[in-house]
Amino acid sequence: MEISSSGDRSTVAGHPPSLGGTALSAEWFERAKKSLAGGISSSSRLTSTGPDPYPLYMSSGSGARIRDVDGNEYLDYLLSYGSAVLGHAHPALTEGLARVLASGTMFGTCNVPEVELAELIQELVPCAELVRFANSGSEAVQGAVRAARGATGRSRLLKFEGHYHGWTDSLAISNRPTPEEAGPYEAPRAVPHSPGIPAGVVDDVVVCPWNDPEALKAVFAAHPGEFAAAVCEPIVANNACGMPAPGFLELLRDLCTAERTVLIFDEVCTGFRTGQGGAQTLFGVRPDLAVFSKALGGGLPLAAFAGVREVMEPLASGQVKHGGTYNSSPLCATAGVITLRHLADPAVTGRIDATGRQIMETIRRAARDRRIPCAVQGVGAMFQVVFTPDGQPTRDYRDTFRLDRARYDAFRHELLLRGVHSNAYGLACWFVSAAVTDDELARTCEAIEESFAALV
């Protein structure tokens, strides 16, 4: 793939360009800082373009490619954090949404597409006996927590160190504590993710190491009958895409059942892209509640929490309150229906998985050939590259303390120079869309080989 020329940027196919051609992104960032807090609308967008202290501004996308305001084109593996699972500007989505735009985007009333979408989720997700919609993963996690607390009459929550469940107070605890903040391994401190989170909220959260069966048993033994819910990312998408150890999710399920604790799977990232039923189907463990967003909306703001009738019934009856003016608007619900109908085809998710696995294997081979220690972890649809000292995968959050972050930054920058756009943060995921063509896959693999050569 040849990256477009723009401004003072001149590109020759096969040769990495200079990032000097992103001057318009720099200008827009300077302008944005005068009106937007920090120049951004989300903390995760405070990224840099290699050595340049500003984020890229994207102006358009089609299929697996995006284009910045300077006209430079990239193969996109950030993918709006996994949301644009079918690719950008997918024809079925643009056509379907155009019809809704012409007839009215929302009315603050019930609508037909939300019912059709809830029925699709019921068909695809093992735990989804009843569904409620929201607008973002953070909102839906909060809704699931309230449903669990309402159903159990308890308030305390169990979460795992390094797992991310959105920015709302309830679970923005010990997402990424520093080694100094984290406390002893066997008894991690509950560390607020940000100033502004009340101490009482922090006190309601007990933190446990991930993938440690004995630590998990000890936490439940220390707090008998106290937990309203235990919440986890089945694949730790926001901290190096770490996988659950064999048997760990099964043990968590058994302990939650024994303690009448609601098990919540945060499937904001894994939902639907890892297969029709998400991680609960992939691993064969059914939670009581699951939270979905990202791929669910196909690029529009849409989220859901769904679960067993026993837990959802207090919410269904109105005893537990949940609302939202924008929940499942006809526009967003239509996007969800179109997206899930495509993802219900095993050939589509199979293509995503196969594409991702080929990229993962290319990274492993390139690292091995150049004797650069690294591990690639996750599944084909979502994975991450971690530069560990011994080349072994991370098992829990504290393993990430020993990662070579500078090498990841250099790798990501070399990829960007070659027209491959991935997450700027070294502990988050690559996401793969259904739109990647064979030629684009080949170009991605070529860029990976070239980038590893540049790291030596």
Side-chain angles (χ1 to χ4, degrees), residues 16 44 47-51 74-79 81-82 161-164 176 178-179 210-211 233-246 269-270 274 352-432 436 440-456:
S44 62
T47 60
S48 62
T49 307
Y74 310 86
L75 288 169
D76 187 19
Y77 295 99
L78 175 64
L79 214 63
Y81 301 93
E161 192 173 48
H163 291 218
Y164 177 71
R176 294 185 184 117
T178 66
W210 180 241
N211 275 338
E233 292 183 89
I235 298 175
V236 192
N238 291 281
N239 267 313
C241 223
M243 297 291 280
C269 291
T270 55
T274 58
I352 293 170
D353 183 68
T355 299
R357 289 189 183 279
Q358 187 166 336
I359 295 170
M360 294 169 77
E361 186 52 38
T362 299
I363 295 169
R364 292 188 183 108
R365 184 177 62 250
R368 186 171 59 246
D369 289 348
R370 289 160 183 83
R371 298 184 180 180
I372 295 175
C374 98
V376 189
Q377 49 198 45
V379 293
M382 48 186 283
F383 59 88
Q384 183 52 299
V385 186
V386 290
F387 292 94
T388 50
D390 55 5
Q392 294 300 307
T394 60
R395 179 181 172 87
D396 61 33
Y397 172 68
R398 299 199 185 196
D399 283 347
T400 67
F401 293 159
R402 60 193 180 94
L403 298 183
D404 187 340
R405 304 286 184 90
R407 180 162 265 177
Y408 177 85
D409 291 345
F411 176 56
R412 191 257 180 182
H413 182 54
E414 293 295 336
L415 287 169
L416 197 65
L417 290 171
R418 292 161 176 82
V420 174
H421 184 252
S422 59
N423 202 307
Y425 183 62
L427 294 184
C429 285
W430 287 50
F431 290 103
V432 180
V436 180
E440 289 167 339
L441 174 58
R443 180 66 195 106
T444 301
C445 293
E446 180 185 350
I448 289 167
E449 295 278 2
E450 292 174 358
S451 296
F452 267 96
L455 295 180
V456 177

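Residues W430 and V385 approach most closely at NE1-CG2, 4.2 Å, considering heavy atoms. Across all non-hydrogen atoms, the minimal contact from P373 to G391 is CB-N, 3.8 Å. When all heavy atoms are compared, the tightest approach of V420 to A447 is CG2-CB, 3.7 Å. Listed here is the closest heavy atom pair of E233 and G162: OE2-O, 4.5 Å. Across every non-hydrogen atom of R395 and W210, the tightest pair is O-CD1, 3.7 Å. When all heavy atoms are compared, the tightest approach of Q384 to C429 is NE2-N, 4.3 Å.
Annotation: side chain of R405 is in contact with side chain of T400 (closest heavy-atom distance under 4.5 Å). At a threshold of 4.5 Å between non-hydrogen side-chain atoms, the residues R371 and V456 do not count as touching. With a 4.5 Å cut-off on side-chain heavy atoms, F431 and L78 do not count as touching. For the pair Y397/V236, no side-chain contact is recorded, criterion being any heavy-atom separation below 4.5 Å from C-beta on. M382 has its side chain within reach of T274: a pair of non-hydrogen atoms, C-beta onward, lies under 4.5 Å apart.
Q358 contributes atom CD, which lies 4.0 Å from atom CG of L441 (distance to the nearest 0.5 angstrom). With rounding to the nearest 0.5 Å, the separation of OG in S451 from CG in L416 is 9.5 Å. I363 CD1 to C445 SG: the interatomic distance, rounded to the nearest 0.5 Å, is 8.5 Å. Within the model, atoms NE2 of H421 and CG of D76 stand 6.0 Å from one another, a figure rounded to the nearest 0.5 Å. A distance of 11.5 Å separates CG of D390 from SG of C374, quoted to the nearest 0.5 Å. Between atom CG of residue L75 and atom OG1 of residue T444 there is a gap of 4.5 Å, rounded to the nearest 0.5 Å.
When the salt bridge (Lys or Arg N to Asp or Glu O under 4.0 Å) test is applied to D409, no partner is found at least two apart in sequence or on another chain. Every residue two or more places apart in sequence or in another chain was checked for a side chain to side chain donor-acceptor pair (under 3.5 Å) with N423, and none qualifies. Taking the side chain to side chain donor-acceptor pair (under 3.5 Å) definition, one finds that R357 meets it with D353, sequence neighbours left out.
N211 contributes a side-chain N or O that, together with a main-chain N or O of A245, makes up a donor-acceptor pair within less than 3.5 Å. Looking only at distances, a side-chain donor or acceptor of Q377 sits under 3.5 Å from a matching main-chain atom of A240. A side-chain donor-acceptor contact under 3.5 Å links R412 to the backbone of S422.
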inquiry  = Using side-chain contact (heavy atoms from CB on, under 4.5 Å), reason through E414 and E450 one step at a time and then give a plain yes or no.
reply    = CA-CA 8 Å; E414 293 295 336; E450 292 174 358; over 6 Å; no
ask   = Would M243 and V379 count as a side-chain contact (heavy atoms from CB on, under 4.5 Å) if you check the C-alpha gap in whole Å, the side-chain angles of each, and the deciding distance to 0.1 Å?
value = CA-CA 9 Å; M243 297 291 280; V379 293; 3.8 Å; yes
request  = Using the side-chain contact (heavy atoms from CB on, under 4.5 Å) rule, take I235 and C241 through it: C-alpha gap first, then chi angles, then the decisive distance, then the call.
outcome  = CA-CA 6 Å; I235 298 175; C241 223; 3.8 Å; yes
key: Pair R418-I448, side-chain contact (heavy atoms from CB on, under 4.5 Å): steps then yes or no   = CA-CA 9 Å; R418 292 161 176 82; I448 289 167; over 6 Å; no
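Side chains of E449 and T362: a donor-acceptor N/O pair is absent below 3.5 angstrom, by distance only.
Applying side-chain contact (heavy atoms from CB on, under 4.5 Å) to T394 and the options T388, L427, N239 leaves one that passes, T388.
Below 30°, between 30° and 60°, or above 60°: for F387 and F411 the angle between ring planes is above 60°, a perpendicular geometry.
Under 4.0 Å is where a charged nitrogen must lie from a carboxylate oxygen, and between R443 and E440 no such pair does. A salt bridge does not link D369 to R364: none of the charged side-chain nitrogens sits closer than 4.0 Å to a carboxylate oxygen.
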